[in-house]
*Asks:* 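Dropping a structure here in structure tokens format, bear with me for questions.
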Amino acid sequence: MDKLLIQGGTPLAGEIAISGAKNAALPILCAGLLSSEPLHLSNVPRLRDISTMLRLIEQMGVRVTDEGTHGVSLDSRGLDNPLAPYDMVKTMRASILVLGPLLARHGEARVSLPGGCAIGARPVEQHIRGLQAMGAEIHVEHGYIHAKAGAGGLKGARIVTDMVTVTGTENLMMAAVLAAGETVIENAAREPEVVDLANCLVAMGAQISGAGTDRIRIRGVERLHGATHPIMADRIETGTYLCAAAATGGQVRLTRTSAAYLDAVVDKLLDAGCDIVIERDAITLQAPARLKAVSVRTAPYPAFPTDMQAQFMAINCVAEGSAVIRETIFENRFMHAVELIRLGADIRIDANNAMVTGVEHLQGATVMATDLRASASLVIAGLVAQGETLIERIYHLDRGYEGIEDKLGQLGAHVRRIR
Ligand code: EPU
């Protein structure tokens, strides 16, 4: 298993381009299942999760064509195997996103029920309930969700989700685009990735209004056609490099990205004492001599994202003062704390609160990555720590950060992958 060796202590400096958003690309690849005409996508990030999703839809009969560095086209004419097997779902929970599109286009689906996850139980009953409201017959047997749309296909419905769920909203929106009549999703996720998916579906001929608000209306159409769609920039990758620059006392300019979806993160970095210059498609951050501690509380968009919680815990580890990090989305998303403590951080966990008191220096050590964003926090900590940090199990990082050692290298960091 690959490891990452980081020699800490160099302030990041320079410019890098941000990749396409993993969490927008994953549902949009599934949207390709909804039409028999080709979907051409650009700015698709080269990530492990993306290749897993491409393999998954390929074994369903979709023809995937690599169109250069970040281009992919999907041809779902031959879709004949509506199955998401356990072997794939267990490596990537986002595989559940095929359920809605398969039911809508193929009338049936067999998708392995995702098990628990390192960061929380993450059940999918809201996806199932919503599809049942649209008339699907669903039962779980031998670890698989068996879903059938019934003779007349799915029917529009009013769905109120119990909590804000990102992939739940996406699954139901994709199911509704081909359902008969109108579907209204109340308490919908407002995440920018939901909006990017809606934009792609509209380009394919879907009738959707309200994406980006908590009420999404979808009027079902007979069929969708082919389209071309660029994947939005990854706001979490952007935020992660901003934190890395902030923590190391550096100055970076991130291009091919936008601050439009990063208000909560940018505000906290300003509170921490950073200077930030926003251009239309670039962000520049200059770190202060020492960061000030900033408290954060995660909540659905537009509030502070849970996917940036670990990175803010890392920057607070070396900031002046104390901060409270409150996680409200996932019940077990503090696993990076014990690894940060191995690097010399002062963190106390009390249920879903972490009290972090900044120390002058972290010291390099061997640590273990436990999930994607936890790994990102360890990279940030390793970049500021004195001496060498060895991060084990970095396959988690490869799921969500394209070319991380190359990008950090471009910013002057001393990072080496050990194979
Ligand atoms: N939930 C339920 N039942 C459901 C659905 C969700 O109880 O049927 C709960 C979850 O257990 C969680 C909360 O609702 O406590 C919110 O979960 P949500 O469904 O919004 O999460 P998700 O859709 O599975 C996506 C991202 C995650 C990100 C979360 C929250 C993708 C592919 N994944 O997950 O991204 O943390 O939304 O913003 O879009 C990551 O990229 O590292 C990552 C984990």
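Every number for a ligand or one of its atoms is a count from 1 in the order of the listing. Numbers for residues simply follow the sequence, beginning at 1.
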*Asks:* Salt-bridge test for E186 and R215: reply yes if a basic N is under 4.0 Å from a carboxylate O, no otherwise.
*Replies:*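 Answer for the salt bridge query: yes.
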*Asks:* So, do Y86 and Y144 have ring centers that fall under 6.0 Å from each other?
*Replies:*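 Ring centroids of Y86 and Y144 are no less than 6.0 Å from each other.
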*Asks:* Around atom CZ of R122, are there more than 12 heavy atoms of other residues, nucleotides or ligands at under 6.0 Å?
*Replies:*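 Enclosed: over 12 neighbouring heavy atoms sit under 6.0 Å from CZ of R122.
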*Asks:* Under a 4.0 Å heavy-atom cut-off, what residues line ligand 1?
*Replies:*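 Contacting ligand 1 under 4.0 Å are K22, N23, A94, R122, P123, V124, E125, Q126, H127, M163, V164, T165, V166, T167, T306, D307, I329, F330, R333, L372, R373.
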*Asks:* Which class fits the ring pair H146 and H139: parallel under 30°, tilted 30 to 60°, perpendicular over 60°?
*Replies:*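 Geometry flag for H139 against H146: parallel rings.
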*Asks:* Does a side-chain N-to-carboxylate-O contact under 4.0 Å join D371 and R393?
*Replies:*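 Salt bridge between D371 and R393, a charged N being under 4.0 Å from a carboxylate O: no.
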*Asks:* In a check of side chain to side chain donor-acceptor pair (under 3.5 Å) between Q309 and each of R326, R373, H336, which one passes?
*Replies:*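 Exactly one pass, corresponding to H336.
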